[in-house]
**Q** 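What follows is a structure written as structure tokens; I'll ask about it next.
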Amino acid sequence: MAGQTQRAVLAGGCFWGMQDLIRRLPGVKETRVGYTGGDVPNATYRNHGTHAEAIEILFDPAETDYRAILEFFFQIHDPSTQNRQGNDIGLSYRSAIYYVDDEQKRIAEDTIADVDASGLWPGKVVTEVEPVGPFWEAEPEHQDYLLRYPEGYTCHFPRPGWRLPARAQS
């Protein structure tokens with residue numbers, strides 16, 4: 001399966017809610033939560049320094065594409081809040097896209113421009129776009145958390161009717 005999948009790494013607040021929703025997307029084959037984008041090797045929940053809580057996604061490009069995953073990502077979290085989602089506040093809860101190649105970077109920047117032009121959020125997108133670095137897998141108790149505790153905490157929600165239009169080209 002590794003040859004048939006592509007990788008995406010996203011941060012958008014608490015990783016529990018992101019994993020719970022993104023895993024359900026058509027074409028998503030595997031997800032795991034962890035820490036990335038920071039300064040601590042072998043990051044853990046108790047010691048993750050400046051890392052963001054993130055999700056690693058393996059998806060089948062024959063069934064979905066990176067742009068579709070990013071559009072859903074921008075639907076389920078507020079990308080206009082700096083270092084915050086819901087009640088979660090701090091650098092760990094920032095919005096970030098960690099691209100694996102130049103094509104993902106281009107798609108991320110284009111999608112952000114569309115989100116900004118759409119007016120769907122109350123402010124401009126503050127989502128960071130950075131090259132992917134080490135991804136430190138979170139402890140087992142954080143993996144699949146909302147599958148095990150369906151009434152557990154989340155600050156991620158699909159917004160009915162939310163559709164990202166492509167911005168007008170000049």
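The structure displayed is predicted, hence computed values, not measured ones. The residues of the chain are indexed from 1 along the displayed sequence. Side chains are part of it too, since the values below use all heavy atoms of this structure and drop only hydrogens, waters and symmetry mates.
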**Q** Using the test salt bridge (charged side-chain N to carboxylate O under 4.0 Å, His left out), find all partners of Glu130 that sit at least two apart in sequence or belong to another chain.
**A**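 Residues passing salt bridge (charged side-chain N to carboxylate O under 4.0 Å, His left out) with Glu130: none at all.
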**Q** With rounding to the nearest 0.5 angstrom, report the CG to CH2 distance, Leu146 to Trp16.
**A**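 So the CG of Leu146 and the CH2 of Trp16 are separated by 7.5 Å.
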**Q** State which residues pass side chain to side chain donor-acceptor pair (under 3.5 Å) with Glu128; sequence neighbours excluded, sorted by chain then number.
**A**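 By the side chain to side chain donor-acceptor pair (under 3.5 Å) rule, Glu128 matches Arg94.
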**Q** Between Tyr93 and Arg84, does a side-chain contact (heavy atoms from CB on, under 4.5 Å) hold up when you go through it step by step?
**A** CA-CA 5 Å; Tyr93 306 109; Arg84 178 181 191 153; 5.9 Å; no
**Q** Closer than 3.5 angstrom, by distance alone: can the side chain of Arg148 be matched with the main-chain N or O of Gln143 as a donor-acceptor pair?
**A**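 Judged by distance alone, yes, a pair lies under 3.5 Å.
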**Q** Could you tell me which residues satisfy side chain to side chain donor-acceptor pair (under 3.5 Å) with Arg167, sequence neighbours excluded, listed by chain and number?
**A**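 Testing Arg167 for side chain to side chain donor-acceptor pair (under 3.5 Å), a comparison that skips the adjacent residues, returns Asp110, Asp114.
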**Q** Does a side-chain heavy-atom distance below 4.5 Å link Asp144 with Arg23?
**A**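 Asp144 vs Arg23: side chains touch.
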**Q** Of the non-hydrogen atoms in Thr50 and Gly38, which two are nearest, and what is the gap between them?
**A**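 Minimum heavy-atom contact is OG1-CA, 3.2 Å.
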**Q** Output all residues satisfying side chain to side chain contact (heavy atoms under 4.5 Å, CB included) with Lys124, sequence neighbours left out; order by chain, then residue number.
**A**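 For Lys124 the side chain to side chain contact (heavy atoms under 4.5 Å, CB included) partners, ignoring immediate neighbours, are Asp116.
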**Q** Is there side-chain contact between Pro79 and Val125, with at least one heavy-atom pair below 4.5 Å?
**A**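 Pro79 reaches Val125 side chain to side chain.
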**Q** Rounded to the nearest 0.5 Å, how far does CD of Glu30 lie from CD1 of Ile57?
**A**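 Between Ile57 CD1 and Glu30 CD, I get 12.0 Å after rounding to 0.5 Å.
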**Q** Any sub-3.5 Å donor-acceptor pair from His156's side-chain atoms to Gly12's backbone N or O?
**A**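 Side chain of His156 to backbone of Gly12: a pair is present.
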**Q** List the residues meeting side chain to side chain contact (heavy atoms under 4.5 Å, CB included) with Phe157, not counting sequence neighbours, and say none if there are none.
**A**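 Only Thr154 meet the side chain to side chain contact (heavy atoms under 4.5 Å, CB included) criterion with Phe157.
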**Q** Could you list who else is in Tyr98's hydrophobic cluster, with ILVMFWY side chains joined at under 4.5 Å, directly or through other members?
**A**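 Once heavy-atom contacts under 4.5 Å are chained together, Tyr98 belongs with Val9, Val100, Val132, Phe135.
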**Q** Check whether Tyr149 and Tyr45 end up in the same hydrophobic cluster, where Ile, Leu, Val, Met, Phe, Trp and Tyr are linked by side-chain heavy atoms less than 4.5 Å apart.
**A**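 Yes: a chain of side-chain contacts under 4.5 Å links Tyr149 to Tyr45.
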**Q** What verdict does the side-chain contact (heavy atoms from CB on, under 4.5 Å) test give for Phe72 and Leu21, after you've listed the backbone C-alpha separation in whole Å, the side-chain angles of each residue and the deciding distance to 0.1 Å?
**A** CA-CA 9 Å; Phe72 189 71; Leu21 295 173; 3.8 Å; yes
**Q** Could you check whether any side-chain heavy atom of Leu10 comes within less than 4.5 Å of a side-chain heavy atom of Ile69, counting everything from C-beta outward?
**A**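 Result yes, sub-4.5 Å side-chain heavy-atom pair found.
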**Q** Are Val126 and Ile97 connected in the hydrophobic side-chain network, where two residues link if heavy atoms are under 4.5 Å apart?
**A**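 Unlinked, Val126 and Ile97 end up in two clusters.
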**Q** Is Leu91 isolated, or which residues cluster with it under the ILVMFWY side-chain rule of less than 4.5 Å, directly or via members?
**A**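 Direct or chained contacts put Leu91 with none.
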**Q** Group every Ile, Leu, Val, Met, Phe, Trp and Tyr by side-chain heavy-atom contacts under 4.5 Å, then state whether Leu25 and Trp162 land in the same group.
**A**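 Linked, Leu25 and Trp162 end up in one cluster.
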**Q** Between Leu164 and Thr111, is any pair of side-chain heavy atoms under 4.5 Å apart?
**A**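 Side chain of Leu164 against side chain of Thr111, heavy atoms only: contact under 4.5 Å found.
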**Q** May I ask whether Ile76 and Val33 are part of the same hydrophobic cluster, defined by side-chain heavy atoms of I, L, V, M, F, W, Y residues being less than 4.5 angstrom apart, directly or through others?
**A**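 Looking at the clustering, Val33 is in a separate group from Ile76.
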**Q** Apply side chain to side chain donor-acceptor pair (under 3.5 Å) to Arg7 and list each qualifying residue two or more places apart in sequence or on a separate chain.
**A**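 Result, side chain to side chain donor-acceptor pair (under 3.5 Å) vs Arg7: Glu56.
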**Q** Using 0.5 Å steps for rounding, measure from the CZ atom of Arg163 to the CD atom of Gln75.
**A**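 Result: 6.5 Å between the selected atoms.
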**Q** If I take atom OG1 from residue Thr31 and atom CZ from residue Arg24, how far apart are they, to the nearest 0.5 angstrom?
**A**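 Reported value, rounded in 0.5 Å steps: 11.0 Å.
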**Q** By side chain to side chain donor-acceptor pair (under 3.5 Å), which residues pair with His77, not counting sequence neighbours?
**A**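 Testing His77 for side chain to side chain donor-acceptor pair (under 3.5 Å), a comparison that skips the adjacent residues, returns Ser95.
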**Q** Glu139: what forms a salt bridge (charged side-chain N to carboxylate O under 4.0 Å, His left out) with it, not counting sequence neighbours?
**A**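 Here no residue qualifies.
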**Q** Within the distance-only criterion (no hydrogens, no angle test), does the side chain of Glu63 pair as donor or acceptor with the backbone N or O of Val28 below 3.5 angstrom?
**A**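 Side chain of Glu63 to backbone of Val28, a donor-acceptor pair under 3.5 Å: no, none is there.
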**Q** Are Thr127 and Phe74 close enough that some pair of their side-chain heavy atoms sits under 4.5 Å apart?
**A**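 Yes, at least one pair of side-chain atoms sits under 4.5 Å.
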**Q** Atom CZ of Phe73 and atom OH of Tyr66: how far apart are they, to the nearest 0.5 Å?
**A**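 Going from the CZ atom of Phe73 to the OH atom of Tyr66 covers 8.5 Å.
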**Q** Do you know which two heavy atoms are closest between Phe15 and Gly34, and how far apart they sit?
**A**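 Looking at all heavy atoms of both residues, the closest pair is CD2-O, 3.4 Å.
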**Q** Do the non-hydrogen side-chain atoms of Glu53 and Cys14 ever get within less than 4.5 Å of each other?
**A**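 A side-chain contact under 4.5 Å exists here.
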**Q** Search all heavy atoms of Pro165 against all heavy atoms of Ser118 and return the closest pair with its distance.
**A**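 So the minimum-distance heavy-atom pair works out to CD-CB, 4.0 Å.
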**Q** Look at atom CG of Asp39 and say whether more than 12 heavy atoms of other residues, nucleotides or ligands are closer to it than 6.0 Å.
**A**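 Enclosed: over 12 neighbouring heavy atoms sit under 6.0 Å from CG of Asp39.
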**Q** Nearest 0.5 angstrom please: Tyr35 OH to Asn42 CG, how far?
**A**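 That separation rounds to 12.5 Å.
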**Q** Suppose we screen for side chain to side chain contact (heavy atoms under 4.5 Å, CB included). Which residues come up paired with Pro134, at least two apart in sequence or across chains?
**A**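 Counting only residues at least two positions away or on another chain, Pro134 forms a side chain to side chain contact (heavy atoms under 4.5 Å, CB included) with Trp136.
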**Q** Can you name the residues that form a side chain to side chain contact (heavy atoms under 4.5 Å, CB included) with Asp101, not counting sequence neighbours?
**A**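 Counting only residues at least two positions away or on another chain, Asp101 forms a side chain to side chain contact (heavy atoms under 4.5 Å, CB included) with Glu103, Gln104.
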**Q** Between Tyr145 and Tyr153, is the ring centroid distance below 6.0 Å?
**A**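 No, ring centres 6.0 Å or more apart.
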**Q** What closest approach, in Å, do Gly13 and Gln85 show between heavy atoms, and which atom pair accounts for it?
**A**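 Heavy atoms only, the tightest pair is CA-CG, 3.6 Å.
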**Q** Less than 4.5 Å apart, any side-chain heavy atom of Ile112 and any of Leu70?
**A**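 A side-chain contact under 4.5 Å is absent here.
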